[in-house]
Amino acid sequence: MEPVTLTTGRLVLRTVGPDDTDAVYAAAQDPEMQRWLSQFPSPYLHEHAQAFTEQFAPDGWANDSMFTFGVFLPAGELVGMLGITMRSLGVAEIGFWATKEHRGNGYITEATTTAARWAFTALSIDRIEWRAEVGNTPSRAVAERAGFTLEGTLRSAVNNKGVRRDCWVGSLLPSDLGLPSTAPYLPAHTPSTS
């Protein structure tokens with residue numbers, strides 16, 4: 001798929017490329033990001049940012065496996081990153097981070113909702129999952145504000161730099177955003193206690 005650009009009243013969500021390498025590298029020096037993001041090498045080198053912006057992100061769009069959006073202010077400043085990774089038919093997983101300087105402004109919640117709407121309508125997704133290591137309360141707060149339902153804790157589900165850790169899991173369905181599903185959904189019903 002060709003990369004798309006999404007906009008909100010405050011943000012531009014677009015793919016990243018070589019011109020964004022330095023901004024990604026600078027953001028990734030934040031110890032909080034290196035602590036919580038299991039896919040981040042530590043130390044995070046300039047070559048890691050270059051591989052991400054020049055190969056990893058473009059390849060994901062090209063083979064329809066991961067749709068990476070840089071989250072930018074209209075003037076061009078990077079405020080975060082968001083990726084939607086295909087997991088199985090109709091199911092994707094979302095991941096995101098915010099730059100240290102722009103946390104607490106609601107940007108990533110806004111970007112998450114915008115990208116989820118796009119995924120539900122453009123990619124025929126019926127479920128978006130969110131996962132974060134237990135204790136990553138900022139990520140959980142973003143997911144919950146974006147409408148995700150926390151479903152529980154998965155034991156030993158994340159490998160963060162060689163250490164197995166528990167993670168929270170949540171989901172967002174098209175109906176949570178007032179959108180139709182591509183397939184019928186039959187939720188489990190609790191038996192009556194009468």
Side-chain angles (χ1 to χ4, degrees), residues 1-87 92-125 128-133 136 138-139 141-143 145-146 148 158 160-161 172:
M1 167 182 282
E2 285 296 314
V4 300
T5 298
L6 308 174
T7 59
T8 73
R10 303 188 301 164
L11 303 169
V12 175
L13 283 68
R14 63 165 176 78
T15 191
V16 292
D19 291 345
D20 304 305
T21 300
D22 290 342
V24 170
Y25 171 72
Q29 299 312 301
D30 177 14
E32 283 296 301
M33 284 176 40
Q34 290 190 26
R35 160 61 184 95
W36 293 112
L37 299 175
S38 59
Q39 70 275 20
F40 265 41
S42 186
Y44 192 94
L45 306 176
H46 196 270
E47 64 198 47
H48 296 129
Q50 187 173 11
F52 176 76
T53 60
E54 295 182 21
Q55 183 178 7
F56 185 77
D59 287 356
W61 281 97
N63 63 29
D64 297 336
S65 63
M66 182 174 187
F67 307 95
T68 301
F69 293 95
V71 181
F72 296 89
L73 295 177
E77 185 177 356
L78 178 70
V79 299
M81 197 69 59
L82 182 146
I84 297 175
T85 304
M86 300 305 296
R87 293 294 180 214
E93 182 177 336
I94 196 164
F96 44 76
W97 53 260
T99 63
K100 184 177 184 178
E101 301 78 19
H102 292 289
R103 292 183 191 139
N105 294 312
Y107 293 142
I108 302 305
T109 301
E110 189 175 321
T112 297
T113 304
T114 300
R117 281 187 181 283
W118 171 79
F120 289 141
T121 57
L123 302 177
S124 299
I125 299 225
I128 298 176
E129 294 182 353
W130 157 86
R131 296 172 187 231
E133 186 179 319
N136 188 347
S139 181
V142 167
R145 282 193 303 268
F148 282 75
V158 174
N160 192 339
K161 298 165 188 69
L172 187 70

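Computed over heavy atoms, backbone and side chain alike; hydrogens, waters and symmetry mates excluded.
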List the atom of [X], the atom of [Y], and the distance in Å for their closest heavy-atom pair.
{"X": "L82", "Y": "A115", "value": "CD2-CB, 3.5 Å"}
{"X": "I108", "Y": "W97", "value": "CD1-O, 3.5 Å"}
{"X": "L172", "Y": "A146", "value": "CD1-O, 3.9 Å"}
{"X": "M33", "Y": "A28", "value": "CE-CA, 3.9 Å"}
{"X": "I84", "Y": "A119", "value": "CD1-CB, 3.9 Å"}
{"X": "G83", "Y": "M66", "value": "CA-CE, 4.0 Å"}

R87 bridged to E129 by N-O distance under 4.0 Å: no
Got [X] and [Y] here, is their nearest side-chain heavy-atom distance under 4.5 Å?
{"X": "L78", "Y": "D20", "result": "no"}
{"X": "Q50", "Y": "L45", "result": "no"}
{"X": "L123", "Y": "F67", "result": "yes"}
{"X": "F69", "Y": "V4", "result": "yes"}
{"X": "E2", "Y": "W61", "result": "no"}
{"X": "P138", "Y": "R103", "result": "no"}
{"X": "M81", "Y": "V16", "result": "yes"}
{"X": "R131", "Y": "E93", "result": "yes"}

Test your reading of the model: is there a side-chain donor-acceptor pair from [X] to the backbone of [Y], 3.5 Å cut-off?
{"X": "N160", "Y": "R35", "result": "yes"}
{"X": "N136", "Y": "E133", "result": "no"}
{"X": "D30", "Y": "A27", "result": "no"}
{"X": "N105", "Y": "Y107", "result": "no"}
{"X": "T21", "Y": "P18", "result": "yes"}

Residue pairs, two or more places apart or on separate chains, that pass side-chain hydrogen bond (donor to acceptor under 3.5 Å, both in side chains) and touch residues 64-76: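 Output for this query lists N63-S65.
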Intermediate values then yes/no, side chain to side chain contact (heavy atoms under 4.5 Å, CB included), T5 and L13: CA-CA 6 Å; T5 298; L13 283 68; over 6 Å; no
Intermediate values then yes/no, side chain to side chain contact (heavy atoms under 4.5 Å, CB included), Y25 and T53: CA-CA 10 Å; Y25 171 72; T53 60; over 6 Å; no
Aromatic F72 / basic R14 pairing, under 6.0 angstrom, 45° off normal: yes
CZ (F40) with more than 12 external heavy atoms under 6.0 Å: yes
Residue K161 excluded, over 12 heavy atoms near NZ under 6.0 Å: yes
Verdict with reasoning, L6 to R117, per side chain to side chain contact (heavy atoms under 4.5 Å, CB included): CA-CA 10 Å; L6 308 174; R117 281 187 181 283; over 6 Å; no
Test log, rule side chain to side chain contact (heavy atoms under 4.5 Å, CB included), inputs F96 and V71: CA-CA 10 Å; F96 44 76; V71 181; over 6 Å; no
